[in-house]
Amino acid sequence: MNVMRIIPAIFIIFLLIATAACNGNIPGKNKETLADTFSVKKDTIAPVNGTITDSLYKIYLTFDDGPAEGSENINRIAATDSARINVFIIGEKVFGEDSVKHFFQSYQSNPFIETGNHSFTHASKHYRLYYRNPDGVVRDIELNADTLHLKNKIVRLPGRNTWRINGRKRSDLPDDKKAADSLAAKGYSVFGWDVEWPYFPDSSHRVQSANTMMRIVENLIDGKRTFTPGNVVILCHDPMFIDANNVLQLDLFIRKIKQKKGYKLEHLSNYP
């Protein structure tokens with residue numbers, strides 16, 4: 001036997017075995033690619049504690065300063081689109097006119113709407129004076145809760161983008177800190193917002209388009225530029241949706257959220 005012929009043959013066989021091993025083709029070996037080994041399951045987010053958990057990106061549509069003209073359209077769209085939304089109610093408005101009181105009652109009977117507290121007086125629009133008296137702010141919030149028989153402790157402070165959620169906090173201005181801390185100590189969840197839906201009341205009275213709002217939300221999520229990663233709280237106002245075009249944009253935006261994989265409209269009561 002010619003040894004010089006055997007050596008190349010052995011080398012070729014060894015090379016074939018090594019190649020098969022790399023490709024996962026050896027009998028009895030589980031096939032696994034690098035993509036399988038290092039893949040991360042889609043539609044997951046990193047919550048506050050930094051661990052990975054199965055979840056959807058959650059969008060919270062919130063409406064301030066109601067009830068008002070426009071509330072009826074918001075109520076109708078929530079029911080028609082089966083869209084979970086939150087409304088923040090001002091008590092003085094509820095007891096101001098019978099038609100406005102009717103809007104509030106419609107909100108209360110709509111299973112897709114969660115009603116929150118936006119104070120009884122809305123600071124009478126004198127915000128700096130209002131927050132000089134933190135105890136008065138708390139009394140105003142509690143008066144609203146009592147008179148409207150609100151079933152939760154979800155609150156948004158008048159004129160302030162302030163957060164007090166599960167021990168985490170943020171204030172856009174320093175004057176409301178004592179009031180916000182006092183409310184949190186009483187068990188209230190104080191919600192601010194991550195982005196406001198732009199509205200142009202001095203010109204066309206039109207809101208930003210649904211397509212633009214969708215891009216804004218996607219950028220906030222991708223850039224992790226929200227109070228809680230993977231969760232986007234959007235601020236709107238009831239009077240924005242008197243205009244028929246604005247109502248259409250709201251309807252389109254809700255449909256885009258519901259159609260986009262991994263996105264979900266949610267109530268603030270389920271905010272992490």
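Shortest non-hydrogen contact noted between Pro134 and Ala179 is CB-N, 3.8 Å. Between Phe227 and Arg168, the shortest heavy-atom distance links the atoms CE2-NH1, 3.4 Å. Ile165 and Ser189 get closest at one heavy-atom pair: CD1-CB, 3.9 Å. Shown here for Glu266 and Asn86, the closest heavy-atom pair between the two residues is O-OD1, 4.2 Å. Of all non-hydrogen atoms in Pro67 and Val94, the two that sit nearest each other are CD-CG2, 3.6 Å. Among all heavy-atom pairs drawn from Phe103 and Ser71, the shortest one is CB-CB, 3.9 Å.
In this structure, Asn75 contributes its side chain and Asn110 its backbone to no donor-acceptor pair below 3.5 Å. Ser109 places a side-chain N or O within 3.5 Å of a backbone atom of Gln105 that can act as its donor or acceptor partner. Judged by distance alone, the side chain of Ser171 and the main-chain N or O of Pro174 form no donor-acceptor pair under 3.5 Å. Side chain of Lys258 to backbone of Phe253: no donor-acceptor contact under 3.5 angstrom is found. Side-chain N or O atoms of Glu196 include none that pairs as donor or acceptor with a backbone N or O of Cys236 at under 3.5 Å. Counting only distance, with no hydrogens or angles, the side chain of His267 and the backbone of Phe112 share a donor-acceptor pair below 3.5 Å. Proximity of a side-chain donor or acceptor of Asp238 to a complementary backbone N or O of Gly70 within less than 3.5 Å is not detected. In this structure, the side chain of Asn161 engages the main chain of Trp193 through a donor-acceptor pair within 3.5 Å. A side-chain donor-acceptor contact under 3.5 Å links Asn133 to the backbone of Gly136. Here the side chain of Asp194 pairs a donor or acceptor atom with the backbone of Val233 at under 3.5 angstrom.
To the nearest 0.5 Å, atom OH of residue Tyr130 and atom CZ of residue Arg160 are 10.5 Å apart. Between the CZ atom of Arg84 and the NZ atom of Lys58 there is a distance of 9.5 Å, given to the nearest 0.5 Å.
The aromatic rings of Phe63 and Phe241 lie perpendicular to each other, with more than 60° between the two planes, well past the 30° mark.
Across Arg225, Lys260, Lys256, a single residue satisfies salt bridge (Lys or Arg N to Asp or Glu O under 4.0 Å) together with Glu218, and that is Lys260.
Counting only N and O atoms by type, the side chains of Arg156 and Thr62 include a donor and acceptor under 3.5 Å apart. Counting only N and O atoms by type, the side chains of Asn231 and Tyr60 include a donor and acceptor under 3.5 Å apart. With no hydrogens or angles considered, no side-chain donor-acceptor pair links Asn117 and Tyr188 at under 3.5 Å. With no hydrogens or angles considered, a side-chain donor-acceptor pair links His118 and Asp65 at under 3.5 Å. Defined by atom type and a distance below 3.5 Å, a donor-acceptor pair is missing between the side-chain atoms of Glu72 and Ser106. Inspection of the Ser124 and Thr121 side chains reveals no N or O donor paired with an N or O acceptor under 3.5 Å. Counted by atom type alone, Ser119 and Asn144 present zero donor-acceptor pairs between their side chains at under 3.5 Å. Looking at His126 and Tyr131, their side chains never bring a donor and an acceptor atom within 3.5 Å of each other.
With respect to Arg132 and Asp175, no salt bridge is recorded, no charged nitrogen being found less than 4.0 Å from a carboxylate O. A salt bridge links Asp251 to Arg255: one of the charged nitrogens lies within less than 4.0 Å of a carboxylate oxygen.
Annotation: Lys153, atom NZ; neighbour count of heavy atoms from other residues, nucleotides and ligands within 6.0 Å is above 12.
Using a 4.5 Å cut-off between side-chain heavy atoms of Ile, Leu, Val, Met, Phe, Trp and Tyr, with links allowed through other members, Leu143 and Ile89 fall into the same hydrophobic cluster. One hydrophobic cluster, built from ILVMFWY side chains closer than 4.5 Å, cannot hold both Ile141 and Ile90; they sit in different ones. At a threshold of 4.5 Å between side-chain heavy atoms, the hydrophobic network of Ile, Leu, Val, Met, Phe, Trp and Tyr places Ile257 and Leu248 in two separate groups. In the hydrophobic clustering of this structure, Met214 groups with Tyr57; members are Ile, Leu, Val, Met, Phe, Trp, Tyr whose side-chain heavy atoms approach within less than 4.5 Å, directly or through other members. Taking hydrophobic clusters as Ile, Leu, Val, Met, Phe, Trp and Tyr residues chained together by side-chain heavy-atom distances below 4.5 Å, Val138 does not share a cluster with Leu150.
In this structure, Lys101 forms no cation-pi arrangement with Phe104, as its terminal cationic atom is not both closer than 6.0 Å to the ring centre and no more than 45° off the ring axis.
Within the 4.5 Å cutoff, the side chain of Ile234 has heavy atoms near those of the Val195 side chain. Side-chain contact between Thr162 and Leu183 is absent, with no heavy atoms from C-beta onward closer than 4.5 Å.
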Checklist entry - What do the steps show when you test Leu157 against Val190 for side chain to side chain contact (heavy atoms under 4.5 Å, CB included), and what is the final call? => result CA-CA 7 Å; Leu157 293 178; Val190 183; 4.1 Å; yes
Item to check | ring-ring contact (aromatic ring centres under 6.0 Å, His included) assessment of Phe191 paired with Tyr271 | outcome: CA-CA 10 Å; Phe191 280 93; Tyr271 190 91; 5.4 Å; yes
